[in-house]
Amino acid sequence: AFQRGGLLDENHMLTNDPRRSDWRSVVRDRVPEVLAFDSLVADQSAISEVLNVAYCVHEITAERIETILDVFDRAVVAAGQAK
């Protein structure tokens, strides 16, 4: 469906960012049975998330941000002391 819908290049790679492309219309038109188990809604749809990963779209989260920033802070301090 993606190949016939023009969403993949000759190497079977996504041609456009799935957050901005019209892949949902292709799926609705060519594989309507998918709608029985996937909403195709961004950040809720399993297909949407897999396409984001396939296109290498990475997200950041605020979850555990304090811990993450502490790790960075310690690394910066350690790098400064190593000089």
Side-chain angles (χ1 to χ4, degrees):
F2 285 98
Q3 189 73 43
R4 289 188 311 271
L7 299 173
L8 303 178
D9 66 15
E10 62 279 352
N11 296 312
H12 306 287
M13 303 292 286
L14 289 170
T15 57
N16 294 300
D17 182 345
R19 291 184 180 259
R20 291 171 184 76
S21 73
D22 195 25
W23 66 267
R24 289 170 180 87
S25 293
V26 171
V27 170
R28 282 187 198 102
D29 293 346
R30 296 177 185 265
V31 198
E33 58 271 17
V34 165
L35 299 174
F37 61 87
D38 195 306
S39 67
L40 307 182
V41 174
D43 297 324
Q44 295 177 14
S45 160
I47 295 172
S48 177
E49 292 303 307
V50 168
L51 290 175
N52 289 341
V53 171
Y55 195 72
C56 297
V57 176
H58 302 285
E59 299 175 354
I60 190 163
T61 179
E63 204 172 294
R64 297 179 41 167
I65 193 68
E66 291 85 10
T67 303
I68 294 166
L69 292 176
D70 286 343
V71 169
F72 287 138
D73 286 342
R74 286 193 301 272
V76 168
V77 168
Q81 292 174 352
K83 291 182 179 181

**Request:** Could you please spell out the steps behind the side chain to side chain contact (heavy atoms under 4.5 Å, CB included) verdict for L14 and L8?
**Result:** CA-CA 5 Å; L14 289 170; L8 303 178; 3.7 Å; yes
Under a single-linkage definition using a 4.5 Å side-chain heavy-atom cutoff for Ile, Leu, Val, Met, Phe, Trp and Tyr, are [X] and [Y] assigned to the same hydrophobic cluster?
X	Y	result
V31	L7	yes
V76	I65	no
L69	V71	no

To check you understand the geometry: which heavy-atom pair defines the closest contact between [X] and [Y], and what is its length?
X	Y	result
V41	R24	C-NH2, 4.2 Å
A1	R30	O-CD, 3.7 Å
P18	W23	O-NE1, 3.0 Å

**Asked** Just by modelled atom types, is the N11 backbone N or O under 3.5 Å from a matching donor or acceptor in the D9 side chain?
**Response** yes
**Prompt:** Quick one: side-chain contact (heavy atoms from CB on, under 4.5 Å) partners of D38, sequence neighbours excluded?
**Reply:** V34, L40, S45, A46, I47
**Request:** Supply the atom-to-atom distance N16 CG to D22 CG, rounded to the nearest 0.5 angstrom.
**Result:** 10.5 Å
